[in-house]
Amino acid sequence: MTKQDIYNKLVHTLPKECVLLDESLSKYTYTHTGGNADLFVTPTSYEETQTVIRFAREHNVPVTLLGNGSNLIVRDGGIRGIVLSLVKLTDITVTDTTITAQSGAAIIDVSRMALHHTLTGLEFACGIPGSVGGALFMNAGAYGGEVADVLASVIVLTEDGELLNLKREELELEYRNSSIATNKYIALEATFKLAPGEHEVIKAKMDELTFLRESKQPLEYPSCGSVFKRPPGYFAGKLIQDSGLQGKIIGGAQVSTKHAGFIVNINNATAKDYTTLIKFVQDTVKEKFGVDLETEVKIIGEE
Ligand SMILES: Cc1cc2nc3c(=O)[nH]c(=O)nc-3n(C[C@H](O)[C@H](O)[C@H](O)COP(=O)(O)OP(=O)(O)OC[C@H]3O[C@@H](n4cnc5c(N)ncnc54)[C@H](O)[C@@H]3O)c2cc1C
């Protein structure tokens with residue numbers, strides 16, 4: 001089936017504005033790089049999401065899920081088939097000490113909502129620029145906190161389009177991994193269990209973490225956050241710094257001079273610039289220290 005055929009079929013079941021043909025993904029990634037999606041699909045409900053998944057399954061069309069694009073490098077050749085974005089599913093509701101958020105909501109907004117309701121537990125997430133879905137996928141965390149600490153349950157869609165309610169214990173949340181990632185589930189909704197706190201204390205913690213982030217991270221440039229996972233017993237940034245790579249430039253991508261664990265887009269970088277620099281850093285660190293740097297950032301799409 002051609003992409004035009006897929007488009008023609010999808011616009012019969014979804015609102016037309018929810019299906020875009022040949023959409024540039026550089027608009028949706030934090031690095032501002034990446035080629036086109038054949039189809040960029042943004043359902044407005046769980047039912048529509050289910051319809052898209054079942055359609056894709058039936059017609060053997062590949063589906064790639066995009067969150068906020070803050071932990072992704074999409075290669076310059078783009079992505080064939082459907083790129084699914086839950087950006088239109090952003091409801092956040094609060095009941096007593098529980099917050100339920102749809103996967104397209106920004107985890108920063110959930111953290112702010114917790115502050116608004118004087119609930120503590122999500123302060124760590126106040127500067128993580130991902131969606132709730134992306135945060136679940138990676139078990140996102142910062143400054144000693146992580147999603148696993150506060151998650152109660154999730155609603156996911158399986159590859160077959162079946163809806164499942166899963167408790168935290170069933171999600172195998174570990175350092176930057178979860179069964180959402182391993183089972184290729186599409187997370188639709190998360191429920192967080194928080195605790196009553198004091199507004200001033202929660203706010204002070206969030207302000208402190210924001211200050212730390214702003215002083216240490218190169219937030220003035222596009223990037224995808226920490227490029228590498230923390231190798232056991234080491235810090236990726238320190239290894240990169242000690243390898244003399246801070247400031248290294250390939251094309252428009254640079255190992256940040258502010259935080260060596262980040263690669264920033266300083267001058268219209270392509271995804272190829274990013275992946276070439278990542279490989280160069282991995283090879284150099286391996287040669288100098290014998291340590292394998294595994295990417296935390298997901299690299300997807302065609303060359
Ligand atoms: C400046 C900066 C600072 C950062 N700081 C931190 C930090 O402190 N801590 C941290 O953990 N991360 C950090 N990150 C990385 C990133 O924000 C997190 O990993 C975030 O959780 C990624 O979410 P996303 O929605 O952007 O996912 P994306 O980058 O869009 O996708 C990442 C993966 O999640 C999957 N995914 C997205 N949505 C869903 C869903 N609904 N269901 C299932 N899978 C899904 C995608 O398929 C993809 O494989 C930072 C990034 C930047 C740019």
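Remember, it's 1-based here, ligands and their atoms both numbered in the order they're listed. Please read these numbers as outputs of a predicted model, since none were measured by experiment. The analysis underlying the following values was restricted to heavy atoms, covering all of them including side chains, and did not include hydrogens, waters or symmetry mates.
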**OP:** Just need the protein heavy atom nearest to atom 45 (C) of ligand 1, so name the residue and atom and give the distance.
**Re:** Leu65 CD2, 3.5 Å
**OP:** Check each heavy atom of Leu136 against ligand 1 and say whether those closer than 4.0 Å belong to the side chain, the backbone, both or neither.
**Re:** neither
Original post:
So, Tyr143 versus Glu208: side-chain donor-acceptor pair below 3.5 Å or not?
Top reply: no
Subject >> For Ile155, the option from Leu164, Leu163, Leu166 that meets side-chain contact (heavy atoms from CB on, under 4.5 Å) >> reply: Leu163
Subject >> For atom 8 (O) of ligand 1, the protein heavy atom that lies nearest, with its residue and separation >> reply: Arg213 NH2, 2.9 Å
Original post:
Heavy atom under 4.0 Å from ligand 1: found in Val156's side chain, backbone, both, or neither?
Top reply: neither
Original post:
Any N or O on Asn71 sitting closer than 3.5 Å to an N or O of ligand 1?
Top reply: yes
**OP:** Can you pull out the closest protein heavy atom to atom 49 (O) of ligand 1? Residue, atom name and distance to 0.1 Å, please.
**Re:** Phe137 CZ, 3.3 Å
Subject >> Residues Glu159, Ile53; criterion side-chain contact (heavy atoms from CB on, under 4.5 Å); working and verdict >> reply: CA-CA 7 Å; Glu159 281 188 294; Ile53 294 305; 5.9 Å; no
Original post:
Who's closest to atom 20 (C) of ligand 1 heavy-atom-wise, of Ser70, Gly127, Ala181?
Top reply: Ser70
Original post:
More than 12 heavy atoms of other residues, nucleotides or ligands under 6.0 Å from CG of Asp96: is that the case?
Top reply: no
Original post:
Which heavy atom of the protein is the closest neighbour of atom 48 (C) of ligand 1, given with residue, atom name and distance?
Top reply: Leu72 CD2, 4.0 Å
Subject >> Shortest protein heavy-atom distance from atom 41 (N) of ligand 1, along with the residue and atom involved >> reply: Ala187 O, 3.0 Å
**OP:** Could you check atom 14 (N) of ligand 1 against the protein and tell me its nearest heavy-atom contact, residue, atom and distance included?
**Re:** Pro129 CD, 4.3 Å
Original post:
For ligand 1, is there an atom lying under 4.0 Å from some heavy atom of Arg176?
Top reply: yes
Original post:
So does Lys88 have more than 12 non-hydrogen atoms from other groups sitting under 6.0 Å from NZ?
Top reply: yes
Original post:
Got more than 12 heavy atoms from elsewhere within 6.0 Å of CD, Glu198?
Top reply: no
Original post:
At their closest point, which heavy atom of Ala190 faces which heavy atom of Leu151, and how far apart are they?
Top reply: CB-CD1, 3.9 Å
Original post:
Does Tyr143 have a non-hydrogen atom less than 4.0 Å from ligand 1?
Top reply: no
Original post:
Atoms of ligand 1 less than 4.0 Å from Ile186 heavy atoms?
Top reply: 42 (N)
**OP:** Compute the shortest N/O to N/O distance between Asn68 and ligand 1 and return yes if it is under 3.5 Å, no if not.
**Re:** yes
Original post:
Considering distance alone, does some N or O of Leu66 sit under 3.5 Å from an N or O of ligand 1?
Top reply: no
**OP:** Report the nearest protein non-hydrogen atom to atom 13 (C) of ligand 1: residue, atom name, distance rounded to 0.1 Å.
**Re:** Ile128 CG2, 4.0 Å
Original post:
For atom 21 (O) of ligand 1, which candidate among Gly145, Gly134, Gly130 provides the closest heavy atom?
Top reply: Gly134
Original post:
If we ignore angles and hydrogens, is there a donor and acceptor under 3.5 Å between the side chains of Thr210 and Asp207?
Top reply: no
**OP:** List the closest protein heavy-atom neighbour of atom 10 (C) of ligand 1: residue, atom name, distance to the nearest 0.1 Å.
**Re:** Gly141 O, 3.4 Å
Subject >> Check: Tyr28 ring centre within less than 6.0 Å of Phe40 ring centre >> reply: yes
Original post:
Counting each atom of ligand 1 from 1 as listed, which ones have a heavy atom of Gly225 under 4.0 Å away?
Top reply: 2 (C), 50 (C), 51 (C), 52 (C), 53 (C)
**OP:** Indicate whether any N or O donor in one side chain lies under 3.5 Å from an N or O acceptor in the other, for Thr33 and Thr270.
**Re:** no
